[in-house]
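Encoded as C-alpha coordinates, the structure appears first; notes follow it.
Since the model is a prediction, treat every value here as computed from it, not as a measurement.
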Amino acid sequence: MPPTTPALAEKLGGLQSSVIRDLLKLTARAEVISLAGGLPDADLMPRERIAEAAENALAGSACLQYTESPGWGPLRAVLAERESARLGRPVGSDEVFVTHGSQQALSLLAEVLLDPGALVVVEDPAYVGALQVFRAAGARIIALPMDSEGMRVDLLAELLASGERPTAVHTVSNFHNPGGVTMSSARRRALAELADAHGFWVIEDDPYGELWFDRPAPEPVATYSRNVIRLSSSSKIIAPTLRTGWMIAPPNVFRGVELLKQGADLCGSALTQQIAADLLSDESWLAAHIATVCNAYGTRAKALVHALRDRFGDRLVCTDATGGMFVWADFTDGTDAESLLPHALDAGVAYVPGYAFAATTGHQNSMRLCFTNSDPATLAVAVDRLAGAVDGQSTQL
Ligand code: PMP
(Lines give C-alpha, C1' and ligand atoms only; values in the text may rest on other atoms or scores of the structure.)
Protein backbone atom coordinates (compact mmCIF):
# COMPACT_ATOMS: atom_id res chain seq x y z
CA MET A 1 0.00 0.00 0.00
CA PRO A 2 1.43 3.44 -0.90
CA PRO A 3 1.89 5.65 2.16
CA THR A 4 -0.86 8.21 2.74
CA THR A 5 0.61 11.72 2.62
CA PRO A 6 -0.54 13.97 5.47
CA ALA A 7 -2.01 17.33 4.49
CA LEU A 8 -0.83 20.84 5.32
CA ALA A 9 -3.00 23.45 7.02
CA GLU A 10 -5.73 24.80 4.77
CA LYS A 11 -4.60 28.38 5.21
CA LEU A 12 -1.45 27.62 3.19
CA GLY A 13 -3.58 27.01 0.10
CA GLY A 14 -4.09 30.67 -0.73
CA LEU A 15 -0.54 31.83 0.00
CA GLN A 16 1.88 32.74 -2.75
CA SER A 17 5.58 33.31 -2.66
CA SER A 18 6.43 37.01 -2.80
CA VAL A 19 6.85 38.06 -6.45
CA ILE A 20 9.74 40.20 -5.27
CA ARG A 21 11.66 37.34 -3.70
CA ASP A 22 11.18 35.29 -6.89
CA LEU A 23 12.30 38.23 -8.98
CA LEU A 24 15.44 38.78 -6.97
CA LYS A 25 16.64 35.38 -8.20
CA LEU A 26 16.35 36.60 -11.82
CA THR A 27 18.06 39.90 -11.18
CA ALA A 28 21.08 38.41 -9.46
CA ARG A 29 23.02 38.40 -12.79
CA ALA A 30 26.06 40.65 -12.50
CA GLU A 31 25.36 42.57 -15.73
CA VAL A 32 21.89 43.61 -14.56
CA ILE A 33 21.59 46.89 -12.66
CA SER A 34 18.98 45.96 -10.09
CA LEU A 35 16.57 48.60 -8.88
CA ALA A 36 14.33 45.72 -7.81
CA GLY A 37 15.36 44.58 -4.34
CA GLY A 38 14.46 46.75 -1.39
CA LEU A 39 17.85 46.44 0.22
CA PRO A 40 19.73 49.12 2.12
CA ASP A 41 23.32 49.65 0.90
CA ALA A 42 25.60 47.25 2.77
CA ASP A 43 28.61 49.47 1.99
CA LEU A 44 27.05 52.18 4.15
CA MET A 45 26.44 49.87 7.08
CA PRO A 46 28.76 50.58 10.02
CA ARG A 47 30.76 47.35 10.05
CA GLU A 48 33.56 48.59 12.28
CA ARG A 49 31.23 50.17 14.81
CA ILE A 50 29.16 46.97 14.88
CA ALA A 51 32.36 44.95 15.46
CA GLU A 52 33.30 47.26 18.33
CA ALA A 53 29.85 46.89 19.87
CA ALA A 54 30.00 43.11 19.43
CA GLU A 55 33.35 43.06 21.20
CA ASN A 56 31.94 45.18 24.03
CA ALA A 57 29.00 42.79 24.37
CA LEU A 58 31.21 39.70 24.25
CA ALA A 59 33.35 41.02 27.09
CA GLY A 60 30.60 39.59 29.30
CA SER A 61 28.60 36.38 29.05
CA ALA A 62 25.04 37.81 29.35
CA CYS A 63 24.91 38.29 25.57
CA LEU A 64 25.20 34.52 25.14
CA GLN A 65 22.20 33.77 27.31
CA TYR A 66 18.44 33.80 26.66
CA THR A 67 17.01 37.23 27.30
CA GLU A 68 13.52 38.44 28.25
CA SER A 69 10.78 37.85 25.64
CA PRO A 70 9.98 41.59 25.28
CA GLY A 71 13.68 42.32 24.78
CA TRP A 72 16.86 43.10 26.66
CA GLY A 73 16.02 45.70 29.35
CA PRO A 74 18.70 48.30 28.53
CA LEU A 75 17.75 48.21 24.83
CA ARG A 76 14.11 48.79 25.73
CA ALA A 77 15.20 51.75 27.87
CA VAL A 78 17.20 53.27 24.98
CA LEU A 79 14.28 52.77 22.62
CA ALA A 80 11.84 54.26 25.13
CA GLU A 81 13.97 57.38 25.25
CA ARG A 82 14.17 57.67 21.46
CA GLU A 83 10.43 57.08 21.06
CA SER A 84 9.63 59.62 23.81
CA ALA A 85 11.38 62.25 21.71
CA ARG A 86 9.55 61.09 18.59
CA LEU A 87 6.10 60.90 20.19
CA GLY A 88 6.43 64.01 22.37
CA ARG A 89 5.35 62.14 25.51
CA PRO A 90 7.20 60.02 28.05
CA VAL A 91 7.20 56.45 26.69
CA GLY A 92 7.97 53.85 29.38
CA SER A 93 10.27 50.87 28.76
CA ASP A 94 7.25 48.71 29.61
CA GLU A 95 5.53 49.98 26.43
CA VAL A 96 8.45 48.92 24.21
CA PHE A 97 8.48 45.39 22.82
CA VAL A 98 11.55 44.31 20.84
CA THR A 99 10.88 42.01 17.89
CA HIS A 100 12.93 40.06 15.34
CA GLY A 101 12.72 42.94 12.86
CA SER A 102 9.46 44.78 12.45
CA GLN A 103 8.32 41.95 10.19
CA GLN A 104 7.94 39.77 13.29
CA ALA A 105 5.93 42.54 14.93
CA LEU A 106 3.52 42.42 11.97
CA SER A 107 3.30 38.66 12.18
CA LEU A 108 2.70 38.57 15.95
CA LEU A 109 0.20 41.42 15.73
CA ALA A 110 -1.78 39.58 13.06
CA GLU A 111 -2.13 36.68 15.48
CA VAL A 112 -2.98 38.89 18.43
CA LEU A 113 -5.49 41.14 16.70
CA LEU A 114 -7.11 39.15 13.90
CA ASP A 115 -9.63 36.36 13.89
CA PRO A 116 -10.13 34.63 10.51
CA GLY A 117 -12.31 36.84 8.31
CA ALA A 118 -11.44 40.03 10.20
CA LEU A 119 -11.23 43.08 7.96
CA VAL A 120 -7.83 44.71 7.53
CA VAL A 121 -7.42 47.90 5.53
CA VAL A 122 -4.10 48.42 3.77
CA GLU A 123 -2.73 50.97 1.35
CA ASP A 124 -2.82 50.40 -2.39
CA PRO A 125 -0.08 49.70 -3.42
CA ALA A 126 0.76 47.85 -0.19
CA TYR A 127 3.86 46.63 1.62
CA VAL A 128 4.08 43.03 0.42
CA GLY A 129 5.32 41.69 3.77
CA ALA A 130 2.15 43.02 5.41
CA LEU A 131 -0.07 41.50 2.72
CA GLN A 132 1.58 38.12 3.24
CA VAL A 133 1.03 38.26 7.00
CA PHE A 134 -2.59 39.42 6.79
CA ARG A 135 -3.39 36.79 4.15
CA ALA A 136 -1.86 34.07 6.30
CA ALA A 137 -4.07 35.21 9.18
CA GLY A 138 -7.14 34.66 6.97
CA ALA A 139 -8.04 38.36 7.02
CA ARG A 140 -10.33 40.01 4.51
CA ILE A 141 -8.24 42.76 2.96
CA ILE A 142 -9.44 46.05 1.49
CA ALA A 143 -6.81 48.27 -0.13
CA LEU A 144 -7.34 52.03 -0.25
CA PRO A 145 -5.58 54.16 -2.85
CA MET A 146 -2.98 56.77 -1.97
CA ASP A 147 -2.26 60.16 -3.45
CA SER A 148 0.57 62.60 -2.80
CA GLU A 149 -0.64 62.95 0.83
CA GLY A 150 -0.64 59.21 1.50
CA MET A 151 -3.65 57.03 2.25
CA ARG A 152 -7.01 58.43 1.06
CA VAL A 153 -8.42 58.67 4.57
CA ASP A 154 -11.61 60.18 3.11
CA LEU A 155 -12.23 56.81 1.43
CA LEU A 156 -11.69 55.08 4.77
CA ALA A 157 -14.36 57.37 6.25
CA GLU A 158 -16.69 56.36 3.40
CA LEU A 159 -15.96 52.69 4.03
CA LEU A 160 -16.82 53.14 7.70
CA ALA A 161 -19.97 55.07 6.82
CA SER A 162 -21.02 52.16 4.59
CA GLY A 163 -20.96 49.93 7.67
CA GLU A 164 -17.59 48.16 7.23
CA ARG A 165 -15.81 47.60 10.55
CA PRO A 166 -12.07 47.09 10.12
CA THR A 167 -10.19 45.48 12.98
CA ALA A 168 -6.96 47.12 11.87
CA VAL A 169 -5.65 49.65 9.39
CA HIS A 170 -2.04 49.21 8.29
CA THR A 171 -0.14 52.27 7.12
CA VAL A 172 3.46 52.91 6.13
CA SER A 173 3.20 56.53 7.13
CA ASN A 174 6.64 57.76 6.05
CA PHE A 175 8.36 57.39 2.67
CA HIS A 176 6.09 54.55 1.71
CA ASN A 177 7.30 51.17 0.52
CA PRO A 178 6.49 50.90 -2.36
CA GLY A 179 4.51 54.10 -2.99
CA GLY A 180 7.25 56.62 -2.10
CA VAL A 181 4.81 59.09 -0.48
CA THR A 182 4.44 60.39 3.09
CA MET A 183 1.10 60.81 4.83
CA SER A 184 0.30 64.49 5.50
CA SER A 185 -0.27 65.77 9.03
CA ALA A 186 -3.94 66.43 8.30
CA ARG A 187 -4.46 62.84 7.18
CA ARG A 188 -2.62 61.51 10.24
CA ARG A 189 -4.95 63.45 12.49
CA ALA A 190 -8.01 62.34 10.52
CA LEU A 191 -6.93 58.68 10.64
CA ALA A 192 -6.37 58.84 14.40
CA GLU A 193 -9.79 60.49 14.90
CA LEU A 194 -11.48 57.71 12.93
CA ALA A 195 -9.60 55.08 14.94
CA ASP A 196 -10.81 56.64 18.19
CA ALA A 197 -14.37 57.14 16.96
CA HIS A 198 -14.81 53.64 15.52
CA GLY A 199 -12.48 51.63 17.76
CA PHE A 200 -10.05 50.05 15.31
CA TRP A 201 -6.31 49.57 15.57
CA VAL A 202 -3.90 51.49 13.42
CA ILE A 203 -0.62 49.69 12.77
CA GLU A 204 1.81 52.47 11.96
CA ASP A 205 4.69 50.70 10.23
CA ASP A 206 7.57 53.18 10.18
CA PRO A 207 10.99 51.77 9.29
CA TYR A 208 11.89 54.72 7.01
CA GLY A 209 10.98 57.81 9.08
CA GLU A 210 14.57 58.76 9.87
CA LEU A 211 15.70 58.49 6.25
CA TRP A 212 14.56 61.94 5.15
CA PHE A 213 16.32 64.03 2.51
CA ASP A 214 14.56 67.41 2.42
CA ARG A 215 12.66 67.84 5.68
CA PRO A 216 11.98 65.58 8.67
CA ALA A 217 8.97 63.30 8.54
CA PRO A 218 5.80 64.64 10.19
CA GLU A 219 4.85 63.61 13.74
CA PRO A 220 3.84 59.92 14.02
CA VAL A 221 0.16 58.97 13.75
CA ALA A 222 0.71 57.51 17.23
CA THR A 223 1.00 61.07 18.54
CA TYR A 224 -2.74 61.44 18.10
CA SER A 225 -4.29 58.21 19.41
CA ARG A 226 -3.57 55.36 21.81
CA ASN A 227 -5.26 53.04 19.29
CA VAL A 228 -2.10 53.28 17.23
CA ILE A 229 0.49 50.51 17.51
CA ARG A 230 3.76 51.97 16.31
CA LEU A 231 6.44 49.82 14.68
CA SER A 232 9.97 50.76 13.79
CA SER A 233 13.27 49.05 13.12
CA SER A 234 17.04 49.33 13.08
CA SER A 235 17.22 47.54 9.71
CA LYS A 236 17.29 50.62 7.49
CA ILE A 237 19.29 52.92 9.76
CA ILE A 238 21.91 50.39 10.94
CA ALA A 239 21.70 46.91 9.38
CA PRO A 240 18.98 44.29 8.78
CA THR A 241 21.18 41.55 10.22
CA LEU A 242 20.62 42.83 13.75
CA ARG A 243 16.96 41.78 13.28
CA THR A 244 16.01 44.37 15.84
CA GLY A 245 12.63 45.97 15.42
CA TRP A 246 10.34 47.37 18.07
CA MET A 247 6.73 48.07 18.81
CA ILE A 248 5.12 50.67 21.08
CA ALA A 249 1.87 49.09 22.16
CA PRO A 250 -0.82 49.44 24.84
CA PRO A 251 -0.73 46.89 27.71
CA ASN A 252 -3.31 44.41 26.36
CA VAL A 253 -1.60 44.19 22.97
CA PHE A 254 1.81 44.00 24.64
CA ARG A 255 0.68 41.08 26.80
CA GLY A 256 -0.79 39.20 23.81
CA VAL A 257 2.38 39.71 21.79
CA GLU A 258 4.48 38.54 24.74
CA LEU A 259 2.54 35.28 25.03
CA LEU A 260 2.91 34.59 21.31
CA LYS A 261 6.57 35.58 21.19
CA GLN A 262 7.27 33.02 23.90
CA GLY A 263 5.73 30.38 21.65
CA ALA A 264 7.40 31.66 18.48
CA ASP A 265 11.04 31.89 19.57
CA LEU A 266 11.19 32.38 23.38
CA CYS A 267 13.18 35.58 22.90
CA GLY A 268 15.33 37.51 20.44
CA SER A 269 19.12 37.40 20.32
CA ALA A 270 20.73 38.97 23.39
CA LEU A 271 23.89 39.54 21.35
CA THR A 272 22.34 41.57 18.55
CA GLN A 273 20.11 43.41 21.02
CA GLN A 274 23.15 44.43 23.04
CA ILE A 275 24.88 45.57 19.86
CA ALA A 276 21.77 47.55 18.87
CA ALA A 277 21.59 49.14 22.33
CA ASP A 278 25.24 50.19 22.12
CA LEU A 279 24.76 51.82 18.71
CA LEU A 280 21.35 53.37 19.34
CA SER A 281 22.51 54.94 22.61
CA ASP A 282 25.64 56.47 21.03
CA GLU A 283 23.69 59.57 20.06
CA SER A 284 26.28 61.73 18.33
CA TRP A 285 27.75 58.79 16.43
CA LEU A 286 24.26 57.63 15.38
CA ALA A 287 23.19 61.09 14.23
CA ALA A 288 26.33 61.40 12.09
CA HIS A 289 25.86 57.89 10.70
CA ILE A 290 22.21 58.48 9.76
CA ALA A 291 23.18 61.81 8.18
CA THR A 292 25.76 60.01 6.01
CA VAL A 293 23.17 57.46 4.88
CA CYS A 294 20.56 60.16 4.17
CA ASN A 295 23.09 62.18 2.23
CA ALA A 296 24.07 59.25 0.02
CA TYR A 297 20.49 58.05 -0.54
CA GLY A 298 19.27 61.62 -1.14
CA THR A 299 21.87 62.17 -3.86
CA ARG A 300 20.96 58.85 -5.49
CA ALA A 301 17.22 59.51 -5.24
CA LYS A 302 17.53 62.92 -6.90
CA ALA A 303 19.72 61.44 -9.64
CA LEU A 304 17.16 58.72 -10.38
CA VAL A 305 14.21 61.10 -10.43
CA HIS A 306 16.12 63.55 -12.61
CA ALA A 307 17.10 60.82 -15.09
CA LEU A 308 13.53 59.46 -15.26
CA ARG A 309 12.00 62.88 -15.90
CA ASP A 310 14.71 63.83 -18.35
CA ARG A 311 14.53 60.59 -20.34
CA PHE A 312 10.79 59.91 -20.32
CA GLY A 313 9.23 63.39 -20.12
CA ASP A 314 5.47 63.13 -19.76
CA ARG A 315 5.38 59.43 -20.74
CA LEU A 316 6.02 58.67 -17.08
CA VAL A 317 5.19 60.28 -13.74
CA CYS A 318 7.16 59.46 -10.63
CA THR A 319 7.28 60.43 -6.96
CA ASP A 320 9.75 63.04 -5.75
CA ALA A 321 11.73 60.71 -3.45
CA THR A 322 11.95 62.95 -0.41
CA GLY A 323 13.14 60.07 1.80
CA GLY A 324 13.23 56.29 2.22
CA MET A 325 14.47 53.94 -0.46
CA PHE A 326 11.94 53.92 -3.32
CA VAL A 327 10.56 55.80 -6.28
CA TRP A 328 7.16 54.77 -7.61
CA ALA A 329 6.68 55.43 -11.31
CA ASP A 330 3.61 55.21 -13.54
CA PHE A 331 3.81 54.97 -17.31
CA THR A 332 1.24 57.34 -18.77
CA ASP A 333 1.65 55.97 -22.32
CA GLY A 334 0.07 52.59 -21.61
CA THR A 335 3.37 50.69 -21.20
CA ASP A 336 2.69 47.50 -19.24
CA ALA A 337 5.42 47.14 -16.61
CA GLU A 338 4.88 43.40 -16.25
CA SER A 339 5.35 42.58 -19.94
CA LEU A 340 8.20 45.10 -20.17
CA LEU A 341 10.19 43.34 -17.47
CA PRO A 342 11.78 40.55 -19.60
CA HIS A 343 12.87 43.20 -22.13
CA ALA A 344 14.24 45.36 -19.33
CA LEU A 345 16.19 42.39 -17.96
CA ASP A 346 17.59 41.73 -21.46
CA ALA A 347 18.60 45.39 -21.59
CA GLY A 348 20.30 44.99 -18.19
CA VAL A 349 17.98 46.67 -15.71
CA ALA A 350 15.52 45.28 -13.16
CA TYR A 351 12.63 46.72 -11.21
CA VAL A 352 9.57 45.36 -9.47
CA PRO A 353 6.38 45.66 -11.55
CA GLY A 354 3.54 47.37 -9.74
CA TYR A 355 1.14 44.42 -9.76
CA ALA A 356 3.37 42.74 -7.15
CA PHE A 357 2.09 45.28 -4.61
CA ALA A 358 -1.60 44.99 -5.43
CA ALA A 359 -3.90 43.43 -2.86
CA THR A 360 -5.95 42.01 -5.73
CA THR A 361 -5.11 43.39 -9.19
CA GLY A 362 -3.91 46.63 -10.70
CA HIS A 363 -0.80 48.78 -11.06
CA GLN A 364 -0.03 47.19 -14.44
CA ASN A 365 1.52 50.41 -15.71
CA SER A 366 3.58 51.05 -12.59
CA MET A 367 6.89 49.99 -11.12
CA ARG A 368 8.91 50.36 -7.94
CA LEU A 369 12.49 51.49 -8.29
CA CYS A 370 14.96 51.22 -5.42
CA PHE A 371 17.77 53.75 -5.58
CA THR A 372 19.86 52.77 -2.57
CA ASN A 373 22.43 50.49 -4.17
CA SER A 374 23.63 52.40 -7.24
CA ASP A 375 25.62 55.61 -7.63
CA PRO A 376 24.14 58.46 -9.69
CA ALA A 377 26.04 57.53 -12.87
CA THR A 378 24.84 53.90 -12.65
CA LEU A 379 21.28 55.08 -12.06
CA ALA A 380 21.50 57.20 -15.23
CA VAL A 381 22.66 54.12 -17.17
CA ALA A 382 19.81 52.10 -15.64
CA VAL A 383 17.27 54.67 -16.84
CA ASP A 384 18.84 54.69 -20.32
CA ARG A 385 18.51 50.92 -20.44
CA LEU A 386 14.93 51.14 -19.27
CA ALA A 387 14.12 53.69 -21.96
CA GLY A 388 15.83 51.44 -24.52
CA ALA A 389 13.67 48.52 -23.41
CA VAL A 390 10.49 50.61 -23.66
CA ASP A 391 11.44 51.91 -27.13
CA GLY A 392 12.50 48.43 -28.30
CA GLN A 393 9.25 46.96 -27.08
CA SER A 394 7.12 49.57 -28.80
CA THR A 395 9.00 49.16 -32.11
CA GLN A 396 8.38 45.39 -31.92
CA LEU A 397 4.63 45.94 -31.58
N1 PMP B 1 7.72 47.29 7.11
C2 PMP B 1 8.06 47.84 5.94
C3 PMP B 1 7.18 48.89 5.34
C4 PMP B 1 9.22 47.43 5.27
O5 PMP B 1 9.53 47.99 4.09
C6 PMP B 1 10.03 46.43 5.86
C7 PMP B 1 11.30 45.92 5.19
N8 PMP B 1 11.29 45.81 3.85
C9 PMP B 1 9.62 45.89 7.08
C10 PMP B 1 8.47 46.35 7.68
C11 PMP B 1 10.40 44.79 7.78
O12 PMP B 1 11.67 45.20 8.11
P13 PMP B 1 12.52 44.51 9.25
O14 PMP B 1 11.84 43.22 9.63
O15 PMP B 1 13.87 44.29 8.68
O16 PMP B 1 12.53 45.47 10.38
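- In this structure a side-chain-to-backbone donor-acceptor pair under 3.5 Å is present from Gln273 to Trp72.
- Salt bridge status for Asp214 with Lys302: present, with a side-chain N to carboxylate O gap under 4.0 Å.
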Can you give me every donor-acceptor pair (side chain of residues 376-386, partner residue at least two apart or in another chain, under 3.5 Å) with its distance?
unit_1 : atom_1 : unit_2 : atom_2 : d
Thr378 : OG1    : Asp375 : OD1    : 2.7
Asp384 : OD1    : Arg311 : NE     : 2.6
Arg385 : NH1    : Glu31  : O      : 3.2
Arg385 : NH1    : Gly348 : O      : 2.8

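- The hydrophobic cluster containing Tyr351 also contains Leu304, counting ILVMFWY residues as joined when their side-chain heavy atoms lie under 4.5 angstrom apart, directly or transitively.
- Aromatic ring pairs are classed by plane angle as parallel below 30°, tilted from 30° to 60° and perpendicular above 60°; the pair Phe213 and Phe371 is perpendicular.
- Atoms SG and CG, on Cys370 and Leu35 in that order, are 7.5 Å from each other to the nearest 0.5 Å.
- In terms of the side chain to side chain contact (heavy atoms under 4.5 Å, CB included) criterion, residue partners of Asp154 (sequence neighbours excluded) are, by chain and number, Arg152.
- For Arg76 and Trp246, the positive end is not near the middle of the six-membered ring at less than 6.0 Å and at most 45° from its axis.
- Under the 3.5 Å distance criterion, with hydrogens and angles disregarded, no donor-acceptor pair is assigned to the side chains of Asp320 and Thr322.
- Of the possible polar contacts, none joining the Thr319 side chain to the Val327 backbone as a donor-acceptor pair under 3.5 Å is found.
- Looking at Asn174 and Glu210, their side chains never bring a donor and an acceptor atom within 3.5 Å of each other.
- Between the side chains of Asn177 and Arg368, at least one donor-acceptor pair of N or O atoms lies under 3.5 Å.
- Few gaps surround CD on Glu164; more than 12 heavy atoms of other groups in view lie less than 6.0 Å from it.
- The shortest side-chain heavy-atom distance between Lys261 and Pro70 does not fall under the 4.5 Å cut-off.
- Tracing side-chain contacts under 4.5 Å through hydrophobic residues (I, L, V, M, F, W, Y), one never reaches Val181 starting from Leu155; they form parts of separate clusters.
- Closest approach of Ala53 and Leu279 over heavy atoms only: CB-CD1, 3.4 Å.
- More than 12 heavy atoms of other residues, nucleotides or ligands shown are found within 6.0 angstrom of CD on Gln262.
- Annotation: side-chain hydrogen bond (donor to acceptor under 3.5 Å, both in side chains) contacts involving residues 90-101, sequence neighbours excluded, comprise Arg89-Glu95.
- Of the N and O atoms on the side chains of Ser185 and Glu219, at least one donor lies less than 3.5 Å from an acceptor on the other residue.
- At a cut-off of 3.5 Å, with distance as the only test, a side-chain donor of Asp124 or His363 sits close to an acceptor on the other residue.
- A donor-acceptor pair under 3.5 Å is absent between the side-chain atoms of Ser102 and the main chain of Gly245, judged by distance alone.
- With hydrogens and angles ignored, the 3.5 Å screen pairs a side-chain donor or acceptor of Glu204 with a backbone N or O of Ala222.
- When each of Leu160, Ile142, Val202 is paired with Pro166, the side-chain contact (heavy atoms from CB on, under 4.5 Å) condition holds for Leu160 and for no other.
- Here Phe97 pairs with Phe254 under the ring pair (Phe, Tyr, Trp, His ring centres under 6.0 Å) rule; sequence neighbours left out.
- Nearest approach of Ser366 to Ala337, heavy atoms of both residues: O-CB, 3.0 Å.
- Taking Thr272 as the reference, Leu242, Thr244, Ser269 meet the side chain to side chain contact (heavy atoms under 4.5 Å, CB included) condition, with sequence neighbours excluded.
- Taking Val253 as the reference, Leu109, Leu113, Trp201, Ile229, Ala249, Pro250, Val257 meet the side chain to side chain contact (heavy atoms under 4.5 Å, CB included) condition, with sequence neighbours excluded.
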Could you list the donor-acceptor pairs under 3.5 angstrom formed between side-chain atoms of residues 116-123 and any protein atom two or more places apart in sequence or on another chain?
unit_1 : atom_1 : unit_2 : atom_2 : d
Glu123 : OE1    : Val172 : N      : 2.9
Glu123 : OE1    : His176 : NE2    : 2.9
Glu123 : OE2    : Thr171 : OG1    : 2.6

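- For Asn365 (side chain) and Phe331 (main-chain N/O), no donor-acceptor pair under 3.5 Å exists by modelled atom type.
- Nearest heavy atoms, Phe200 versus Val169: CE1-CG2, 3.5 Å.
- Residues satisfying the salt bridge (charged side-chain N to carboxylate O under 4.0 Å, His left out) criterion with Asp346, sequence neighbours excluded, are absent altogether.
- Asp206 and Ser173 make their closest contact through CB-OG, 4.3 Å (heavy atoms, listed as atom of the first residue, atom of the second, distance).
- Note that CG of Leu369 and OG of Ser34 are 10.0 Å apart. Values are rounded to the nearest 0.5 Å.
- Using a 4.5 Å heavy-atom threshold, the side chains of Asp43 and Asn373 count as separate.
- Evaluation of the salt bridge (charged side-chain N to carboxylate O under 4.0 Å, His left out) rule for Glu83 yields Arg230 as partners, not counting sequence neighbours.
- Remark: side-chain polar atoms of His289 are not paired, donor with acceptor, to backbone N or O of Ser284 under 3.5 angstrom.
- Between Leu211 and Val293 the shortest side-chain heavy-atom distance falls below 4.5 Å.
- A donor-acceptor pair shorter than 3.5 Å can be found between the side chains of Ser225 and Asp196.
- Listed by chain and number, the residues in a side chain to side chain contact (heavy atoms under 4.5 Å, CB included) with Asn295 are Thr299 (sequence neighbours excluded).
- Two different hydrophobic clusters hold Leu231 and Tyr224 under the rule that ILVMFWY side chains link at heavy-atom gaps under 4.5 Å.
- Through side-chain heavy atoms spaced under 4.5 Å, either directly or across other Ile, Leu, Val, Met, Phe, Trp or Tyr residues, Val317 is tied to no other residue.
- Closest non-hydrogen pair, Ala217 versus Arg86, comes out as CB-NH2, 3.9 Å.
- In this structure the side chain of Val96 reaches within 4.5 angstrom of the side chain of Val91, judged on heavy atoms.
- Applying the ring pair (Phe, Tyr, Trp, His ring centres under 6.0 Å) rule to Phe357 yields the partners Trp328; only residues at least two apart in sequence or on another chain are considered.
- Contact detail for Ala347 and Ala389: the closest heavy-atom pair is CB-CB, 4.2 Å.
- With hydrogens and angles disregarded, a donor-acceptor distance shorter than 3.5 Å links the side chain of Thr182 to the backbone of Phe175.
- Both Ile238 and Leu75 sit in one connected hydrophobic cluster of ILVMFWY residues. Membership requires side-chain heavy atoms under 4.5 Å apart, directly or through other members.
- Using a 3.5 Å distance cut-off with no hydrogens or angles, the side chains of Tyr127 and Gln103 do pair a donor with an acceptor.
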Applying side-chain contact (heavy atoms from CB on, under 4.5 Å) to Arg49 and Asp278, what does each step give before you reach the verdict? CA-CA 9 Å; Arg49 186 66 187 78; Asp278 188 331; 2.7 Å; yes
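- Under 3.5 Å, the side chains of Ser69 and Glu258 contain no donor-acceptor pair of N or O atoms.
- Tyr355 and Met146 fall into different hydrophobic clusters, where Ile, Leu, Val, Met, Phe, Trp and Tyr side chains are chained together by heavy-atom contacts under 4.5 Å.
- Look at Asp147 and Arg187 and you find a salt bridge, because one of the NZ, NE, NH1 or NH2 atoms lies within 4.0 Å of a carboxylate O, short of that distance.
- Counted within 6.0 Å of CZ on Arg165, heavy atoms from surrounding residues, nucleotides or ligands total more than 12; the atom is thus considered enclosed.
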Determine whether Lys236 and Asp41 satisfy the following criterion, salt bridge (Lys or Arg N to Asp or Glu O under 4.0 Å), listing intermediate values before the conclusion. CA-CA 9 Å; Lys236 309 300 183 325; Asp41 183 355; over 6 Å; no
